[in-house]
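Bear in mind that the values here come from a model prediction, so they are computed numbers and not experimental data. Whatever order the structure lists them in is the order used to number ligands and atoms, beginning at 1. We use all heavy atoms of the structure for the numbers below, so side chains are in, but hydrogens, waters and symmetry mates are not.
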Amino acid sequence: MSMLFDEDAELDDEFVSAAFASDDVRAMEKPLLESGVPLMHMAASAVAMSARVMMARAHVSPDDAQIVLLAGGGDNGGDGLFAAAELADQGIPVTAVAVGTSLHAQGLAAFERAGGEVIVLDPRAAITGHEAPADVEEAQEAFDEALEIAENANLIIDAMTGIGLVGALRGIPAHVAAELGRESGLPESMALPKGESLGAFPLVLAVDTPSGIGVDDGTLPGPYIPADVTVTFGAMKPCAMLPPSAYACGQLVLVDFDFDTAPFTPAVEAMIPRTAAQMIRMPHIADSKYSRGVVGLITGSQSYPGAAVLSAHAAAVSNVGMIRYCGPTRAEDLVLREVPEAVMGQGHVQAWVVGSGVPSAEADENGDDVQRERIRTLLARYDATVDGSADMPPIVVDAGALDLLPETCTSQVLITPHAGELARLIAHRDDDAAAAEVTAADVLAEPLHWATRAWEITGATVLLKGAITVIVGYDEEGESSVVVSGSAPAWLASAGAGDVLAGTLGAVLAQGADTLRLFPDQVGLHAAVGAYIHGLAAQLASGSMQSGWNRPVVYDPADVLGFFSDMLPITHSPEHAHYLQGSLGQPITATDVIRDLTTAFSLLIRMYDDHDEDDAGDEDLIDPDEGPDDVIDAEPDDLGDDDDADDDLGDDDPDDDGGVYLDADRDYTDEELDELAKKLLG
Ligand SMILES: NC(=O)C1=CN([C@@H]2O[C@H](COP(=O)(O)OP(=O)(O)OC[C@H]3O[C@@H](n4cnc5c(N)ncnc54)[C@H](O)[C@@H]3O)[C@@H](O)[C@H]2O)[C@@H](O)CC1
Ligand SMILES: Nc1ncnc2c1ncn2[C@@H]1O[C@H](COP(=O)(O)OP(=O)(O)O)[C@@H](O)[C@H]1O
């Protein structure tokens, strides 16, 4: 069966790609807690196991490990304390630092039973059995001691705050975060494939959410601690998908609590290969070039003819039947040289792309740019108050055309600003006095807020570009709907990449024309598909395993080995293994991205082919489980130097293919699991 329509795999995909607001997550937890499901213990076990995997990955033996738990006074701290108790029970020393005035009582009791040490920082704390500092001087000493231990640890488990955070961190937690994490601003870490660190200690494991990040709005409102791994419970939270907070989450681990999510609407959804593959147009037997989609482009100008070439070429190779180009003669000539298939001049189209490489009003000093005039005339027909505007084909409005938008646009207008362009658009059009001063830095700090604001004041579907691109469009009821796409490596941030995106978006909208006529609210979803494919092509072109957002690893306590192998760092792109080594790939240009757009489509189209049951749910298109499978299928000799241990630990495979298998009927000791982890993690 085609993996695209495998129901179980589809459910797995929904689980990892839909994020819910914290109030909804609390409502999902409620019935389970009321019926006595031990959610906190399940959460804690996942944290303890993830801590062990992180140690194994960093080649830290559990015997030598130094772990510090930062524990807040809420349930997040409770998760941390139970996890620390599990680790301490396994012989790994953990020091807990109480950052608030209390600690979760049962969690603390379990931790004490396991022999854990507690340092209390707040003089006002009342924690039975643990003295609070008597005065400011003692408090400073305790703070310095805790800091020193934390800075010298191998691993910090950050359980100060989770979904109960209100506003920016304050008080002692804020000081702790500023010292151990960041005082403010965006994470500065290098773009590494799965958010892994460069091997520097301490590693940070965040419990549910990194402390200090805006859980529902994705902001970084004050001090916070960027994580290498974030283990999140029950459902994804918006902060793990939205920029900039998602950049502070590192690798995501999602623990399944079997929530009933059906009554809730996701706050944010992430574009994933399955959705992208389902939404691109497959060829029909009776297709013509017109039915496959025609894109019309009014891009490029006398001054910037290159944008015409990039946008037209990208559209032409993005699964459509035809492109039409309108522009100055010089740009037409250049387009024809690169894309001889292009038809010059206007005609019937299923989607428009306008504005890339067209001067803005400011840049068009004489006010006589012909492209601007063409676009102005066309865009006037998308004014929501004009008759027939609802029947216009979708239109991508990029760069220089952003200042030509009508007062109120229809939803099929897709605007594609980067942060600077969005700030300018809002400053010009928003009546709100505060908005007049908005800058690109403001937009980067609160992308969801400002993209939503642009959606409100223009009526257009908004695609705000970045490492994670945020798309604010419409749902069936006309409310806002948010989708993100983070498939691109940071190498994509290069001149002309936006022109390529505009062309790709136009092509995706043109091939979706039939659907969009029936469901005009799906422009945002199509836009996210276009952004996803554009990013995927950049991944292919650069051979990079890095991207703005990575699919979370799902933690299943019944499949610990599967979890270990899913947590393996991927070190190279198999697609490019023949010439590229390493995981970061190489720098690329916008033209390189165009070259790989067809392959990006083919990776998605391939998902329509029949697959073995086992393949269903395979997610990362470029690393289809190559690393983990290689390890699992390897001969025992490849797994470690002790053959006997393999025989002892792994069950004999029925087909005797030399793999290592867990015996479902057997309880493994922690030492045995460690041994297996060591082998798998090399
Ligand atoms: N409800 C449940 O049963 C479950 C909850 N879980 C955990 O519980 C967490 C939510 O627990 P809570 O509701 O107790 O909330 P949290 O523990 O996330 O946060 C509350 C704590 O943070 C402090 N705090 C809040 N805002 C602050 C600020 N601005 N500056 C400094 N300190 C601040 C509060 O004083 C309090 O100590 C989840 O994130 C998750 O980790 C898990 O155990 C799974 C099950
Ligand atoms: N750090 C990043 N990681 C991944 N992709 C990025 C990053 N920064 C920008 N991008 C992407 O690169 C493209 C840049 O577009 P744009 O800024 O319009 O460039 P130009 O105007 O030169 O064509 C967009 O698709 C954007 O999403």
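The F257 neighbourhood of ligand 1 comprises atoms 44 (C), with distances under 4.0 Å to a heavy atom of that residue. For ligand 1, the atoms sitting less than 4.0 Å from at least one non-hydrogen atom of L165 are 25 (C), 26 (N), 27 (C), 28 (C), 29 (N), numbered in the order shown with element in parentheses. Taking every non-hydrogen atom of A168 and a distance limit under 4.0 Å, the qualifying atoms of ligand 1 come out as 28 (C), 29 (N), 30 (N). The contact set between ligand 1 and G162, taken as ligand atoms under 4.0 Å from a residue heavy atom, comprises 16 (P), 18 (O), 39 (O). Close approach to E29 involves these atoms of ligand 1, each under 4.0 Å from a residue heavy atom: 1 (N), 2 (C), 4 (C), 5 (C), 45 (C).
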Identify each donor-acceptor pair in which a side-chain atom of residues 156-169 lies under 3.5 Å from a protein atom, sequence neighbours left out, and give them as a table.
residue	atom	partner	partner atom	Å
D158	OD1	M160	N	3.2
D158	OD1	S211	OG	2.5
D158	OD2	S211	N	2.9
D158	OD2	S211	OG	3.2

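Among protein heavy atoms, atom 11 (O) of ligand 1 sits closest to D75 CB, 3.2 Å. The closest protein non-hydrogen atom to atom 33 (C) of ligand 1 is T161 CG2, 3.9 Å. Among protein heavy atoms, the minimum distance from atom 36 (C) of ligand 1 is reached at G74 N, 4.0 Å. The protein non-hydrogen atom at the shortest distance from atom 41 (O) of ligand 1 is D79 OD2, 2.6 Å. Nearest protein heavy-atom contact of atom 10 (C) of ligand 1 is I163 CG1, 3.8 Å. Among all non-hydrogen protein atoms, the one lying nearest atom 26 (N) of ligand 1 is V166 N, 3.0 Å.
Contacts between L33 and ligand 1, counted as non-hydrogen atom pairs separated by less than 4.0 Å, involve the side chain only.
Atom 15 (O) of ligand 1 is approached by the protein to below 4.0 angstrom, counting heavy atoms only. For atom 7 (C) of ligand 1, the nearest protein heavy atom lies under 4.0 Å away.
Of the possible donor and acceptor atoms, none in the side chain of W450 sits under 3.5 Å from a partner among the backbone N and O of A440.
The closest approach between G100 and ligand 1 stays at or above 4.0 Å for every heavy atom of the residue.
Near ligand 2, residues H418, K465, G466, A467, T469, A488, P489, A490, L492, A493, S494, A495, G496, A497, G498, D499, L501, H534 each place a heavy atom inside the 4.0 Å sphere around the ligand atoms.
Sorted by first and then second residue, the side-chain hydrogen bond (donor to acceptor under 3.5 Å, both in side chains) pairs involving residues 18-29 (not counting sequence neighbours) are S22-D216.
In this structure H41 satisfies the ring pair (Phe, Tyr, Trp, His ring centres under 6.0 Å) test together with F82, sequence neighbours excluded.
Ion pair R424/D403 not flagged as a salt bridge, since none of the NZ, NE, NH1 or NH2 atoms sits closer than 4.0 Å to an Asp/Glu carboxylate oxygen.
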